[in-house]
Amino acid sequence: MVPSPSSTKAETATTLAPDETIAADARALSIQLQAMRERLFPPASQKTLRSFTSGEAARLVGVSDGYLRQLSLAGEGPQPVVGPGGRRYYSLADIDALRRFLADQAVAKGNDAKARAYLKWRDPKRGEHLQVISVTNFKGGSGKTTSAVHLAQYLAMTGHRVLAVDLDPQASLSALFGYQPELDLEGNDTLYGAIRYDKDIKPLGGIIRKTYFHGLDLVPGNLELQEFEHATPRALAMREVGDTGSLFFTRVQTALQSVADDYDVVVIDCPPQLGYLTLSALCASTSVLVTIHPQMLDVASMSQFLFMTSDLLNVVREAGGTLNFDFLRYLVTRFEPHDGPQNQIVGFLRSLFHDRVLTAPMLKSTAVSDAGLTKQTLYEVGRENFSRGTYDRAIESLEAVNAEIEKLIHTAWGRHA
């Protein structure tokens, strides 16, 4: 899968200054990544989402496979593509259309509660606010981006309108959606374009990009985001008394509110550092997920992260920022259930934080890492690409985590069914 770089283009540190060596390495890596992408996703280098079997579609909609077969035979609702052996396949857009069809049927029969079970969009008239979830951790390698992308995709697959925001200048989330940031994005193509302090500011609606995942849009990221870390101190130094527009912690929230009517949930992949970008995301958030790799060094690092976060958010609150989380949860990631020390650490965390630690952990799995080799997630690859046991364990863990978060979202909206 990984291309072999040409030795003729290799540049050594003996002939170049350190900064030139790093720049040359960056160019070489970018060229090879582009070549890999063109091989993986020809001819236009665009990712597409696989179709879902009728069994998968039935589970996502919340009906039996037999009922979907009856609808198909009767010619009602969106019709599946019939493959070899009579197997029926639905696209994610077809699945969403099925939900709408069944919801309309329920409304016609006067069963509004059942209709709401099919269509999960939030209802502002019922006070269901935009849910903004920041996924964060101070230490890299905790599964932060993996957790964020799978959560965003799960929510889209279960019928929510989702906006994924890549706030990490390293742009791993964007790469999973098929973007090579240094090639595919130009100036003001990231969230920075909507939160910058000068006249070049751009409406967030003009930055958002559709993805190959029906119901899931993306605000991509790249190194441009780092400009916010440099521009914010200057803006604060030049701020006049009473000028709230220069307050950094209001800008992400303001940008998101401009598109709030179009979405139910926003999932933000934060940088693995506690800078102005992360603080701005936290101030815009209604909920927070902190990923934890159950190793003692990671837990010790998290302790410092929590101290720093608390101190800085306290400063923001005293400056007029509003902090009101619907939920704060710790998500155990890369968990190995047969590892004794990891089990001890998870037990230790549960004794400290109680129900703030999600019941379901995300298991460490070769299925997730193998899917990542082709810039895919577990939801994008089919079960046939792995041994059944490996895939089933990984997807069961993933579904348990995301279903628990979905329930927290619905509880925050006042839905208790």
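Here the structure is a predicted model, which means the values were calculated and not measured. FYI, the numbering just counts along the sequence from 1. Every heavy atom of this structure was used, including side-chain atoms; hydrogens, water molecules and symmetry mates were not.
- The CG atom of Leu119 lies 9.0 Å from the CG atom of Leu102; values are rounded to the nearest 0.5 Å.
- No salt bridge links Glu186 with Lys202; every basic N to acidic carboxylate O contact stays at or beyond 4.0 Å.
- Thr377 and Glu380 share a donor-acceptor pair across their side chains, judged by distance under 3.5 Å alone.
- A salt bridge links Lys120 with Glu406: the distance from a Lys NZ or Arg NE/NH1/NH2 to an Asp or Glu carboxylate oxygen falls below 4.0 Å.
- Ser301 and Asp298 form no side-chain donor-acceptor contact under 3.5 Å, judged by distance and modelled atom types alone.
- Within a 6.0 Å sphere centred on CD of Glu396, heavy atoms belonging to other residues, nucleotides or ligands number 12 at most.
- For the pair Val346 and Pro361, the minimum side-chain heavy-atom distance is 4.5 Å or more.
- Contact check for Tyr118 versus Val63: side-chain heavy atoms found under the 4.5 Å cut-off.
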Inset, instruction - Determine, stepwise, if the pair Asp96 / Arg100 fulfils salt bridge (charged side-chain N to carboxylate O under 4.0 Å, His left out). - result: CA-CA 6 Å; Asp96 194 46; Arg100 293 175 176 278; 3.7 Å; yes
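- Side chain of Gln79 to main chain of Gly77: a donor-acceptor pair is present (N/O by atom type, distance under 3.5 Å, no hydrogens or angles).
- By the 4.5 Å heavy-atom criterion applied to side chains, Leu256 and Leu204 are counted as neighbours.
- For the atom pair OG (Ser54) and CZ (Arg87), the distance works out to 7.0 Å, reported to the nearest 0.5 Å.
- Using a 4.5 Å heavy-atom threshold, the side chains of Leu398 and Tyr154 count as separate.
- At most 12 heavy atoms of other shown residues, nucleotides or ligands fall within 6.0 angstrom of atom NZ in Lys114.
- Here the side chain of Asp200 pairs no donor or acceptor atom with the backbone of Gly193 at under 3.5 angstrom.
- The structure places CG of Leu358 at 11.0 Å from OG1 of Thr291, a figure rounded to the nearest 0.5 Å.
- Side-chain atoms of Thr232 do not come within 3.5 Å of backbone N or O of Glu229 as any donor-acceptor pair.
- Using modelled atom types, one finds a donor on one side chain and an acceptor on the other under 3.5 Å when comparing Thr145 with Asp269.
- Shown here is Glu224, whose CD atom has more than 12 heavy atoms of other residues, nucleotides or ligands within 6.0 Å.
- Atom CG of Leu155 and atom CZ of Arg161 lie 13.0 Å apart (nearest 0.5 Å).
- Atom CZ of Arg59 has more than 12 heavy atoms from other residues, nucleotides or ligands within 6.0 Å.
- Formation of a donor-acceptor pair under 3.5 Å by the Trp413 side chain with backbone atoms of Gly127 is not found in this model.
- Residues Ile95 and Val61 meet the side-chain proximity criterion, which asks for heavy atoms closer than 4.5 Å.
- Nearest heavy atoms, Pro294 versus Arg334: CD-O, 4.5 Å.
- Leu218 has its side chain out of reach of Phe213: every pair of non-hydrogen atoms, C-beta onward, lies at least 4.5 Å apart.
- Evaluation of the ring-ring contact (aromatic ring centres under 6.0 Å, His included) rule for Tyr330 yields Phe353 as partners, not counting sequence neighbours.
- Residues meeting the ring-ring contact (aromatic ring centres under 6.0 Å, His included) test with Phe228, sequence neighbours left out: Tyr197.
- By the 6.0 Å contact criterion, CZ on Arg50 is enclosed, its count of non-hydrogen atoms from other residues, nucleotides or ligands being greater than 12.
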Legend entry - Worked verdict on Leu130 versus Thr286 for side chain to side chain contact (heavy atoms under 4.5 Å, CB included): CA-CA 8 Å; Leu130 177 69; Thr286 59; over 6 Å; no
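- Side chain of Ser310 to backbone of Phe307: no donor-acceptor contact under 3.5 angstrom is found.
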Inset, instruction - Assess whether side chain to side chain contact (heavy atoms under 4.5 Å, CB included) is satisfied between Arg122 and Ile409, documenting all intermediate values. - result: CA-CA 10 Å; Arg122 67 186 180 91; Ile409 293 170; over 6 Å; no
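- Residues Trp121 and Arg99 form no side-chain contact, since every pair of their non-hydrogen atoms from C-beta on lies 4.5 Å or further apart.
- Salt bridge absent: Arg116 and Asp112 never bring a charged side-chain N and a carboxylate O closer than 4.0 Å.
- Within a 6.0 Å radius of OH in Tyr212, more than 12 heavy atoms belonging to other residues, nucleotides or ligands are found.
- Salt-bridge check for Asp198 with Arg196: passed, with a basic side-chain N closer than 4.0 Å to an acidic carboxylate O.
- When all heavy atoms of Ile207 and Asp189 are compared, the pair lying nearest together is CG2-O, 3.3 Å.
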Legend entry - Audit row: Tyr263, Asp217, side chain to side chain contact (heavy atoms under 4.5 Å, CB included) steps and yes/no: CA-CA 9 Å; Tyr263 301 101; Asp217 294 344; 2.6 Å; yes
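- For the atom pair Asp166 CG and Ser172 OG, the distance stands at 7.5 Å (nearest 0.5 Å).
- No side-chain donor from either of Asn222 and Tyr179 sits under 3.5 Å from a side-chain acceptor of the other.
- Nearest heavy-atom pair, Phe325 versus Leu282, reported as atom, atom and distance to 0.1 Å: CE2-O, 3.4 Å.
- A donor-acceptor pair is defined here as one N or O able to donate and one able to accept, closer than 3.5 Å; no such pair exists between the side chain of Gln226 and the backbone of Leu223.
- With Ser72 contributing its side chain and Leu68 its backbone, the two residues share no donor-acceptor pair below 3.5 Å.
- Ring-plane geometry between His160 and His410 is classed as tilted, the angle between the planes lying from 30 to 60 degrees on a 0 to 90 degree scale.
- Side-chain contact between Ile133 and Ile405 is present, with at least one heavy-atom pair separated by less than 4.5 Å.
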Inset, instruction - Begin with the C-alpha distance, continue with both residues' side-chain angles, and end with the deciding distance and a verdict on side chain to side chain contact (heavy atoms under 4.5 Å, CB included) for Glu399 and Tyr379. - result: CA-CA 10 Å; Glu399 295 279 280; Tyr379 290 130; 2.8 Å; yes
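- Heavy-atom minimum distance, Leu163 versus Val259: CD2-CG2, 4.3 Å.
- Between the side chain of Gln342 and the backbone N or O of Glu336, at least one donor-acceptor pair lies under 3.5 Å.
- Annotation for Asp123 and Glu128: closest pair N-OE1, 2.5 Å, computed over non-hydrogen atoms.
- The nearest pair of heavy atoms linking Ala115 to Ala103 is CB-O, 3.6 Å.
- A donor-acceptor contact shorter than 3.5 Å is absent between the side chain of Ser134 and the backbone of Ser285.
- Expressed to the nearest 0.5 Å, how far CZ of Arg251 lies from SG of Cys283 amounts to 13.5 Å.
- Thr390 contributes no side-chain N or O that, together with a main-chain N or O of Ala367, makes up a donor-acceptor pair within less than 3.5 Å.
- Atom NZ of Lys364 has 12 or fewer neighbouring heavy atoms from other residues, nucleotides or ligands inside a 6.0 Å radius.
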